[in-house]
Amino acid sequence: MSQEIVESRQIEYGKNVFAEQEKDGLGKTILRHLKDVSTIILIMAAALSFMLAIRNGHGFIEPLVIVSIVIMNLILAITQEGKAERALEALADLNSPTCIVIREGIQQQIEASELVPGDVVILESGSLVPADARLIESIGLEVDESSLTGESDPSEKDPTAKLSGKTPIGDQINMLFSGCLVTAGRGTAVVTSTGMNTQIGRIAGFLGNTKHDKTPLQKRLDKVGKTISCIAIVSAVFLFAIGMRQGEDFWSMVLMAVALAVAAVPETLNLIVTLSLSHGVKNMVGKNALIRKLPAVETLGSTSVICSDKTGTLTQNQMNIKRLCMVGNEPFSDLDEFDDTQLVFLKMLALASNATVEIGEDGTPQFIGNPTEIAIMRLLNKKGIKKSEIEENYHKVAEIPFSSERKMMTVVLKDPSDGYIVLTKGALDRIPLNHSKPNLDIKIKEVHDSFAEDALRVIAIGIKHIENLPSEDNIEEIEQDLDLLGMIGLIDPPRPEAAKAIETAKKAGIRTVMITGDHAATAGAIAREIGILPEGQKVLTGSQLSEMSDDELFNTVKDYSVYARVSPEDKIRIVKAWQKNGEVVAMTGDGVNDAPALKAADVGVAMGNAGTEVAKSASDIVLTDDNFATIVEAVHEGRNVYSNIRKTIYFLLVCNLSEILVMLFAQIVGWGVLVTPVMLLLINVLGDGIPGLQLAKETSDPRIMTNAPVKREESIFSGGLMKVIGRQTIICSIVVLIAYYVGMSTSFISGIDSSAMIGQTMAFLVLGLTSIMHIFTVRSRKSLFERTLSDNWPLVISAVGMMFALVLLVVIPPIGGIFGLTGIGISHWFIVIALSVIPTTVAEIGKYIDNYGLKCNRICNVK
């Protein structure tokens with residue numbers, strides 16, 4: 001190809017690079033976080049408070065506290081968001097920086113980015129394929145395409161293969177794909193696609209176009225925030241209108257409206273939610289799960305469908321011999337005790353292999369070679385035999401190497417007695433056997449088919465004895481009239497803990513499905529063994545999927561538990577079909593081909609050991625042990641986090657809604673300012689915020705993994721939570737109003753001092769103390785006497801500490817005077833304490849009634 005043609009094609013097709021995705025700057029990130037409705041209300045309240053502070057000269061404590069809370073939430077949100085998306089950079093890193101091409105009849109090394117369609121590239125073992133290309137010629141070429149197809153075995157390439165129809169990537173044996181590694185042989189290929197037009201480039205396009213929707217938790221919290229904000233705005237307007245109608249001063253009513261806005265917005269909600277998620281992250285690290293994006297913690301807890309990759313996640317990612325058969329005998333298992341004849345068979349298999357064993361620094365054996373031969377060596381090692389000891393008696397004198405065309409390899413060994421032993425190992429239909437015994441041939445085929453039906457990869461070994469070696473030029477003539485020695489069946493076996501984890505997920509209402517690039521028979525066999533493919537469920541292949549419309553897939557996706565031989569586009573379609581059915585989907589994967597689906601899922605889970613950087617960068621969670629069971633453990637932690645967030649919302653809403661009610665009631669009846677804005681901030685920070693932070697460390701009911709997952713559209717107030725919030729809000733409001741009335745009224749109780757300031761102080765104390773004591777109520781639906789305090793000592797200490805802090809504000813006049821508080825008498829203190837315990841008492845009675853009702857229902861259902 002001439003330089004002119006190269007330049008014209010570069011203009012037409014562009015450079016062999018991926019399009020870069022625009023990233024948000026710091027300013028844009030800050031603005032995104034400031035869009036939260038509750039944050040906007042706090043900013044408006046701070047601005048009004050500053051204006052009033054300047055106008056009335058009452059000090060800047062209130063606006064400074066509000067601004068500090070906004071800044072604290074903003075800093076936490078940005079710092080906890082984690083690292084920026086690096087998926088496209090990781091994809092770009094997969095491109096080989098240089099490659100060998102033939103241009104104008106000359107071999108030359110060029111930058112991979114300069115490749116154009118039509119270039120002829122030369123590849124050898126160790127080369128990274130720089131672009132998609134069609135093979136022209138090859139010798140023993142094998143390419144690791146696991147990052148694209150999910151298959152653990154290298155793909156054997158054949159330039160003479162003729163393909164028809166829509167052939168999956170894994171079956172396109174006459175093609176090479178960008179980013180894949182040449183593991184053996186060499187070849188020449190003509191470039192067909194570059195840059196974004198390659199298979200890996202298309203994946204880059206999916207990553208760029210696939211946007212993460214908000215998580216179910218984020219949507220629920222947005223809804224809560226909007227609801228609270230609407231309550232705040234309506235209440236503030238209502239309060240302002242009443243005040244103006246009663247002839248109150250305009251700026252005084254503005255101050256009241258600001259106070260109500262402050263009362264309505266739970267300033268510490270975002271902070272507590274973030275800390276709950278962070279605590280979940282810390283716990284998950286101990287369970288071999290690294291969280292890249294905070295909301296993923298809770299989302300995993302809400303997961304109802306886990307779409308799992310097969311190789312390395314559900315399986316061990318290492319080929320093992322499962323069954324063996326010697327000619328004339330019944331098949332036997334690798335777990336059986338081998339007799340002498342069976343050990344000889346195993347030794348012959350080892351001698352016909354080139355895999356080796358080295359002892360690592362930690363004393364464990366390290367196997368080196370291709371997966372099939374490593375499986376033979378692993379079984380040999382398990383039976384206590386060393387290959388080196390066998391080779392002392394059987395010296396290799398010749399070898400005919402394996403090739404993709406021949407599908408077999410042959411070794412010639414010196415027979416210790418006389419002559420030579422020929423061993424040929426490979427596919428049964430390729431080994432030239434002596435077919436002089438038809439009945440035996442039928443039996444051999446039956447065994448072979450039974451192995452294949454169990455999705456075992458079958459390798460046969462033939463043997464014969466020769467007296468003399470032919471010349472080197474005619475060495476291949478020894479591969480004739482072999483006697484079959486036996487066959488072995490290999491498979492990448494499931495992880496021992498996978499079946500139990502899938503059963504645990506099933507009890508938790510979570511369905512596990514397998515999405516893999518592997519063959520349908522292999523995937524189906526593994527799925528049946530570990531409980532993913534029960535009776536009535538089906539396997540869907542990529543070719544069948546390509547013929548389905550999105551509507552057909554949406555209607556039938558629940559009928560399939562295994563999706564085999566699928567492409568990256570297929571995986572996205574499957575994930576989205578489950579999501580449209582209302583499911584919260586977790587997707588696991590390790591290859592480049594998994595990255596788009598990892599990003600499209602509600603929570604993407606990448607493998608830390610076997611996973612590519614592309615998969616890790618597109619994921620929300622990285623498993624450091626590549627183990628499916630770890631996902632189920634992480635689901636438990638995610639459910640605990642969601643439970644704690646619900647407790648937080650229950651805790652804060654009762655406190656904040658009761659503040660709104662007492663403020664509105666006081667204005668309507670003409671009492672004026674029941675609690676000042678500064679007092680409200682003190683309660684929201686000391687009474688609600690600091691103790692509330694410790695709710696993140698609560699442990700959930702151990703039965704949480706027997707509950708059904710939270711549905712995508714399910715309200716955060718489901719399960720009767722709104723009812724108890726309403727009940728506790730009303731009772732808390734009533735005791736605060738009683739406290740104010742007692743403190744300000746001389747007619748209520750004679751013989752004690754009274755004034756509006758005493759009323760405000762008593763209302764402040766009752767409001768604060770009931771808020772703090774309320775935290776012990778929200779810990780569990782069980783009675784607080786059934787929960788031990790040692791479960792969460794930080795919560796107990798912070799709650800008691802904040803109670804003392806509120807008391808000290810009143811007991812020490814110089815400090816309390818700053819916030820508009822005054823000292824009260826002993827009689828007032830008794831009234832404050834008596835009123836403060838009433839909401840907790842009512843809550844305990846409510847729990848007893850609710851639990852008694854549930855117990856009766858369970859008894860009735862059993863009967």
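Computed from heavy atoms alone, side chains included, the values below leave out hydrogens, waters and symmetry copies.
When all heavy atoms of Ser771 and Phe651 are compared, the closest pair comes out as O-CE1, 3.0 Å. Residues Ala799 and Ile772 approach most closely at O-CG2, 3.4 Å, considering heavy atoms. Nearest heavy atoms, Thr303 versus Ile510: O-CG1, 3.4 Å. Across every non-hydrogen atom of Pro839 and Gln728, the tightest pair is O-NE2, 3.1 Å. Across Ala498 and Phe628, no two heavy atoms sit closer than the pair O-CD2, 4.5 Å. Closest approach of Ile532 to Thr512, counting heavy atoms only: CG2-O, 3.5 Å.
No hydrogens or angles considered: nothing links the side chains of Glu698 and Asn644 as a donor-acceptor pair under 3.5 Å. Counted by atom type alone, Ser798 and Gln694 present zero donor-acceptor pairs between their side chains at under 3.5 Å. For the 3.5 Å distance criterion, the side chains of Thr630 and Asp625 qualify, holding a donor opposite an acceptor.
Checked for salt-bridge contact, Lys500 and Glu497 miss the test: no charged N lies under 4.0 Å from a carboxylate O.
The side-chain heavy atoms of Ile704 and His636, taken from C-beta on, include a pair separated by under 4.5 Å. Here the side chains of Phe717 and Leu653 are in contact, with some heavy-atom distance below 4.5 Å. Taking 4.5 Å as the limit, every side-chain heavy atom of Leu314 sits out of range of all side-chain heavy atoms of Thr588. With contacts defined as side-chain heavy-atom distances shorter than 4.5 Å, the pair Met679/Gln760 qualifies. Within the 4.5 Å cutoff, side-chain heavy atoms of Met607 are placed close to those of Leu623. You'll find the side chain of Leu300 reaches within 4.5 Å of the side chain of Ile621, heavy atoms only. Inter-residue side-chain proximity for Asn627 and Thr313 is flagged as unmet; no heavy-atom pair is nearer than 4.5 Å. Considering only heavy atoms from C-beta on, Leu806 stays 4.5 Å or farther from Val810 through its side chain.
Judged by distance alone, the side chain of Ser304 and the main-chain N or O of Val584 form a donor-acceptor pair under 3.5 Å. The backbone N or O of Ile775 sits nowhere less than 3.5 Å from a side-chain atom of Lys647 that would complete a donor-acceptor pair. Judged by distance alone, with hydrogens and angles left aside, the side-chain atoms of Glu633 form no donor-acceptor pair with the main-chain N or O of Ala289 at under 3.5 Å. Looking only at distances, a side-chain donor or acceptor of Asp620 sits under 3.5 Å from a matching main-chain atom of Gly604. In this structure, Asn288 contributes its side chain and Thr624 its backbone to no donor-acceptor pair below 3.5 Å.
Taking a 6.0 Å sphere around NZ of Lys711, one finds it holds 12 or fewer heavy atoms contributed by other residues, nucleotides or ligands.
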**Request:** Apply side chain to side chain contact (heavy atoms under 4.5 Å, CB included) to the pair Val605 and Val622, showing each step before the final yes or no.
**Result:** CA-CA 6 Å; Val605 184; Val622 177; over 6 Å; no

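Distance check, rounded to the nearest 0.5 Å: SG of Cys732 to NE2 of His774 gives 6.5 Å. Atom OG1 of residue Thr777 and atom CZ of residue Arg779 lie 11.0 Å apart, to the nearest 0.5 angstrom. To the nearest 0.5 Å, atoms CE (Met663) and CG (Leu767) are separated by 10.0 Å. Distance check: Arg646 CZ to Leu721 CG gives 5.0 Å after rounding to the nearest 0.5 Å. For the atom pair Glu659 CD and Leu657 CG, the distance stands at 9.0 Å (nearest 0.5 Å). Of the inter-residue distances, the one linking Ile734 atom CD1 with Ser658 atom OG reads 11.5 Å to the nearest 0.5 angstrom.
Looking at Ile831, Ile833, Thr770, Ile824 one by one, the single match for side chain to side chain contact (heavy atoms under 4.5 Å, CB included) with Leu765 turns out to be Ile824.
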